[in-house]
Structures are given as C-alpha cells and as structure tokens.
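Worksheet: one structure, shown below.
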Amino acid sequence: MRSDADETAIREFVREWRPRLTRVAYLLTGDHDAALDLMQDALVRVVANWSRVGASDRPEAYVRQILYHEYASWWRRGRLRNVLMSEVPEGTTGADDEEHVLRRLVLRRALLRLTPRQRAVLVLRFYEDLPVADVAETLRCSVNTVKSQIRHALGRLRVLAPELTVEFGSDLETAEVSQ
Amino acid sequence: MTGLKEQLGELADQARLDNLDDQIIAAGRRRRRIRQVVQVTTVVALAAIVLALVWVPLSTGSGRPAEVANSGHPVQTTVAPVQTTTPPFEHPATLSWLPGDLTLVDNAPPLPAGAVGPAVAYYRVGDPQTDAPVTSVGTSAKGQSGGVVLVTASGRQYTFTPPATKAVFTAPALSPDGRWLLQGMGDGTMVLRDLESSSQRPLPLTIEVAWSPDGRLLAMRYDQSLDPQAATVVTLDLRTGHTSTTVVRTTQTLSLAAVRDTGVLVFARPGDVDNSPIFPVALYDPSSGQSLHDLTLTPSGTSGPALVTPDGLTVLMRRGTGPGNLPGDIMAYDIASGAMSTHGLPSPIQSQTAVPDPESSDPHVFVQIDRSDASGIVAVLPQGVLLAHHWYSSGQFRSDLELVDLATGRLVIVTRISGVLAVIGAAPQIYVIGGPPR
C-alpha cells in the first residue's frame with residue numbers, strides 16, 4: 001500500500017514532468033497525439049515503478065531514460081514509423097508571424113528525416129542541454145557514439161534545411177567544436 | 001548553439017499539453033497491480049513446476065506430484081488412465097530377470113537341499129477343476145494347502161515344503177536379491193536358506209517378516225503375546241550375521257510392514273482389516289523402539305487394504321469400482337512429504353459372463369457365472385508397478401504379469417502365464433523379488 005505522502009509526491013512529479021516530457025516527445029515524434037502517447041507511456045511506467053524512482057538520487061535521469069527507451073521501443077515496433085509517415089499538417093497559433101511558422105515547419109520536417117537515434121541525440125544535447133556524457137548515459141551508448149551521431153545529425157541538417165543552418169550556422173560549428 | 005536550441009524550444013512549445021495527470025496515475029496504479037499479480041502467479045507457477053519436477057512419478061523412485069496435505073485426504077490430479085484391453089507383449093529389457101513365459105506346474109520336484117541359484121518368483125497353483133479362479137473370492141485348495149512353487153533365475157521350478165501352520169506366518173519370503181529364502185518347516189520352526197549355497201540357518205517361527213530393499217536386513221516379528229500392541233522385532237543383518245532386538249509398543253494393533261535400509265521399522269494396519277476407513281502407519285527407531293513418525297491416513301473411496309511398499313517409503317492404496325469391482329487407480333502416499341499422487345490404471349479386460357458348462361459334454365452349453373477379472377499389485381519396482389492380471393478368455397483362464405509405468409500410464413506385459421494361478425481374495429497368488437511377501 002502506498003502512503004498518502006507517496007500519492008502526493010507522485011501527483012507532484014507528474015504535474016511537473018508532464019509538460020516537459022510532452023515537449024520532448026513532440027520533438028522526437030513530430031506529432032501531437034504521438035507525443036501525448038509517448039509521454040503518457042513513460043509517465044505510467046514511472047508511476048508503476050515509483051518506489052524505484054522515488055529512491056533514485058537523480059529521478060530526472062531515470063525519467064529521461066524511461067522516455068527515450070520507450071521512444072526506442074516504439075521505433076523498433078514500427079509504431080513511430082507509422083506516425084512519421086502520416087505527415088500530420090502543422091497547426092498554427094495565429095500569434096506567430098509567418099517567418100516563425102515557416103522556420104518551425106522546416107525544422108520539424110528536417111528532424112523527421114533524421115534517424116531516431118540522431119533525433120534523440122540532438123534533442124538531448126541541444127534542447128535539453130545535456131553534456132555528452134549524460135546523453136550517452138541516457139541512450140546507453142558510448143560518448144564516442146554520441147559525438148558521432150551529433151556530427152552526422154548536424155551534417156544531415158545542413159543538407160535538409162540549409163536555410164536554418166545559414167541562420168544559425170555559426171552555432172552549429174561552435175557546437176561541433178565544443179563536443 | 002543557441003540558435004538551434006531556440007529553434008528546438010520554439011518547436012517544442014507547439015506541443016499540445018493536455019492534462020492527463022489523472023489518467024496517467026490511474027494507469028500507473030493498474031500496471032503496478034497487474035505486475036504484482038503476475039509476479040505472485042509466476043512464483044506460484046514456478047513453485048508448482050519445481051514440486052512437479054521433484055515429485056517425479058513413482059517409477060523413478062524419487063518422488064511424485066503433490067496432491068494431498070498431511071491429513072491424508074486426497075486431492076484429485078489423476079494421470080489419465082490408459083485403455084489397453086489388448087496390451088502389446090514386449091518383454092521389457094529392464095525386467096529381463098523375469099521370464100517372458102511362465103508355465104505353471106503342480107508337479108514340480110521338491111526344492112533340493114543344495115544350491116539352486118537365486119530365485120525370481122514363487123506362486124501358488126490354482127485348480128482348474130474347482131471354482132477357484134472363477135469366483136471373486138475363490139481359493140484353490142492347493143493354494144490354501146501350500147502348494148507353493150519357486151521359480152529360479154535359470155527357469156527351474158521347485159515345490160516348497162508346506163508351511164508350518166495356517167494360523168501364523170505361512171508365506172515364504174524371498175530376499176530382494178533372490179538369494180535368501182525364508183520358509184516355514186513342518187515342525188513349527190523356520191529356516192533361512194542361502195539358495196546359492198547349501199547353508200541354512202534355523203529360526204523361530206515368526207508371524208511377520210520384512211526385508212530391507214538392499215537385502216541386507218531381515219526383520220522378523222516374534223511377539224505373540226496377548227497384547228496385540230506390543231511387538232518384538234529381531235533384525236538380522238545378513239552380511240554380518242548379527243541380530244538386534246527392538247521392542248516397540250504401537251498405539252493400536254499394527255503389523256510389521258517394512259524395514260528400511262536404515263533399519264527403521266515401519267508398522268501399518270494389518271492387511272486383512274479391509275473395512276476400516278483409516279490406515280495408520282507408524283515408524284520406529286530400531287535402537288530405542290521410540291516412535292519416529294505416526295500418521296493416520298483416511299483415504300476415501302479406496303478399495304481393499306492399503307499397502308506399504310517394501311522400501312517403507314510409500315503407502316499404496318487402490319481406488320475405484322470398475323467392472324468386476326476392480327480398483328481403477330493407484331494412490332501413492334509419500335510418508336516423508338505427505339504428498340499423495342493418483343495414477344490411473346488401465347481399464348480391466350471385460351469379463352465374460354458365460355462360460356462353457358463344465359458338467360455338460362456339449363461345448364455349446366454355457367452357464368452364467370459371477371466372475372470377474374482379478375488384478376493385484378505384485379511389486380513396486382523402479383520401472384513401475386507390477387500387476388498380476390487374471391481373467392477368462394476364449395474358454396481359458398489366463399494370467400499375465402503386467403508392468404504399469406506410472407509416469408506415462410503405459411502398460412506392457414512382462415510375463416505371459418500358462419496355467420491356472422490361484423486367486424485369494426482378488427489377488428492372483430504370485431510373488432516376485434522386490435515385492436511384499438504374500
């Protein structure tokens with residue numbers, strides 16, 4: 001039986017992590033519904049394994065691992081492939097100007113044309129701003145593999161979205177050097 | 001790098017942030033409960049598998065599936081019985097020490113005083129001119145008067161000296177290795193004979209005997225006092241010739257049923273108390289005579305007396321009321337673990353209800369008789385349970401020794417018997433080494 005304190009902690013944890021994981025999931029899947037599903041699958045696993053999560057020194061690392069492993073299993077099972085093939089139209093908020101909308105569309109489509117592993121390393125490294133070592137730990141691979149994946153991912157981005165690389169080309173070069 | 005980070009952040013902010021907290025928490029709880037149930041189920045299933053593997057069927061001699069609590073009340077997990085009305089005849093290589101064909105004789109020469117070699121069986125001859133094998137309780141006059149024939153490993157047959165009296169221990173006893181024969185003499189004594197030599201040792205008349213499975217110990221009960229619950233057992237070590245005496249006091253009237261290789265004495269309800277609903281078993285320390293284990297089985301639906309196997313480890317009971325009131329299952333109770341297993345036996349061969357009238361010269365005149373098959377446990381061997389099956393077919397009384405593999409329910413004929421075997425009660429009167437004395 002769980003204590004009331006546990007129930008409160010779980011609820012707090014879900015409330016805090018749901019938006020964050022949903023955004024990451026959206027970057028990984030490129031689809032709103034798939035992102036919600038992926039986030040939900042990950043958090044359900046967290047709740048089901050709460051004793052382990054609560055006892056962890058770095059619960060955020062544990063949660064992140066769950067999300068990315070779930071994402072990897074989606075890909076292996078072909079579920080993610082179907083999502084990415086469906087090419088759901090991008091919605092707009094109306095408040096964004098046309099340039100921002102166009103930029104998001106280009107980035108989204110470029111991300112979707114990367115491999116799942118490349119997409120994951122980019123999100124972890126550049127969106128979540130994790131050191132390469134933490135990226136490697138999350139994805140359970142070597143640091144060299146992460147560096148290699150980042151290099152290949154950025155190279156692909158230059159080809160797939162040259163307009164974006166022009167916009168932040170120097171940033172990419174900095175990122176490659178800083179690896 | 002900030003440019004890419006900002007672009008990714010801008011894209012991520014487009015994610016739809018539906019509030020699914022309650023659904024997520026509820027689903028997580030459900031998954032956790034399911035996992036707990038699966039874990040418990042898995043543990044139970046693994047435990048059951050381990051128990052099943054440990055209690056492998058009786059034929060391997062290492063255990064049997066759990067089926068009953070220590071109370072002795074059986075729970076049904078019956079091995080499916082096998083229908084083998086025409087079982088194939090294939091003499092098992094593992095029982096090659098038994099003859100494939102045995103012709104019963106009632107005029108065998110007397111057992112000589114010299115060495116004859118180890119024996120494998122003995123039997124009592126029936127009388128085809130009487131109704132001995134016909135009635136369900138028929139008894140051959142020769143069988144009752146002690147016409148016992150010894151079968152040696154070389155196939156020779158010898159008639160025994162008639163037993164001393166009918167009131168006390170009358171059946172001869174063979175050691176499990178077939179080397180030693182304990183037989184009653186006409187003068188009220190008994191003789192232990194070494195069949196591989198001419199040596200013999202006189203012994204006082206016993207009322208019950210048991211051999212240890214390794215053939216080393218011969219336990220003999222001598223007590224004939226007015227107190228049926230007092231028992232004096234002398235155990236003879238055949239390798240050293242030493243004897244030890246154990247005085248035990250049972251809580252009720254029990255018989256010496258077995259002696260284990262360790263010397264532990266096993267007492268059980270006498271086999272002739274058929275109608276008792278309980279079957280007490282008691283184990284006694286050979287040195288002190290103190291009780292080691294005392295249990296009372298109250299099996300329901302059993303027929304006939306229970307039987308402690310010669311190794312003193314298992315109690316066998318028969319259950320069922322098939323054609324001819326024959327028991328259909330063997331229930332094995334492991335004394336050490338308290339586990340009960342049930343093993344289906346092959347359905348008996350259907351009896352004919354009409355036989356040629358022996359008083360008529362016309363072979364087409366039949367009379368209706370109340371007869372049935374008879375099937376008794378002869379021995380519990382490592383290969384399975386050996387049954388003596390007696391029936392009437394094609395105008396003849398037939399007998400077979402049949403081996404039932406309790407693991408598979410497979411039945412094979414070990415020995416085809418030509419001649420009429422005596423039947424006492426429902427038990428064809430044949431004994432093989434390793435089986436309980438008759």
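Sequence lines set the chain letters: A, B, ... in the order given, protein chains first and strands last, and positions in each chain run from 1.
Of all the listed residues (A:Leu43, A:Leu36, A:Asp33), the one sharing the greatest number of non-hydrogen pairs under 4.5 Å with chain B is A:Leu36. Heavy-atom pairs under 4.5 Å with chain B peak, among A:Val24, A:Val123, A:Thr22, at A:Thr22.
Only the side chain of A:Leu27 comes within less than 4.5 Å of a heavy atom in chain B; its backbone stays farther off. Looking at A:Arg18, the atoms closer than 4.5 Å to chain B (heavy atoms on both sides) all sit in the side chain, from C-beta outward.
Between B:Lys5 and A:Glu128 there is no salt bridge, since none of the side-chain N atoms of the basic residue sits less than 4.0 Å from a carboxylate O of the acidic one.
A distance-only check finds no donor-acceptor pair linking the side chain of A:Asp134 to the backbone of A:Leu130 [under 3.5 Å].
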For this session: Evaluate the side chain to side chain donor-acceptor pair (under 3.5 Å) criterion for residues A:Gln118 and A:Arg156: first the C-alpha distance (whole Å), next the side-chain angles of each, then the deciding distance (0.1 Å), finally the verdict.
Result: CA-CA 9 Å; A:Gln118 289 171 343; A:Arg156 288 272 292 166; 4.6 Å; no
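The ring-ring contact (aromatic ring centres under 6.0 Å, His included) test applied to A:Phe13 returns A:Trp17, A:Trp50, not counting sequence neighbours.
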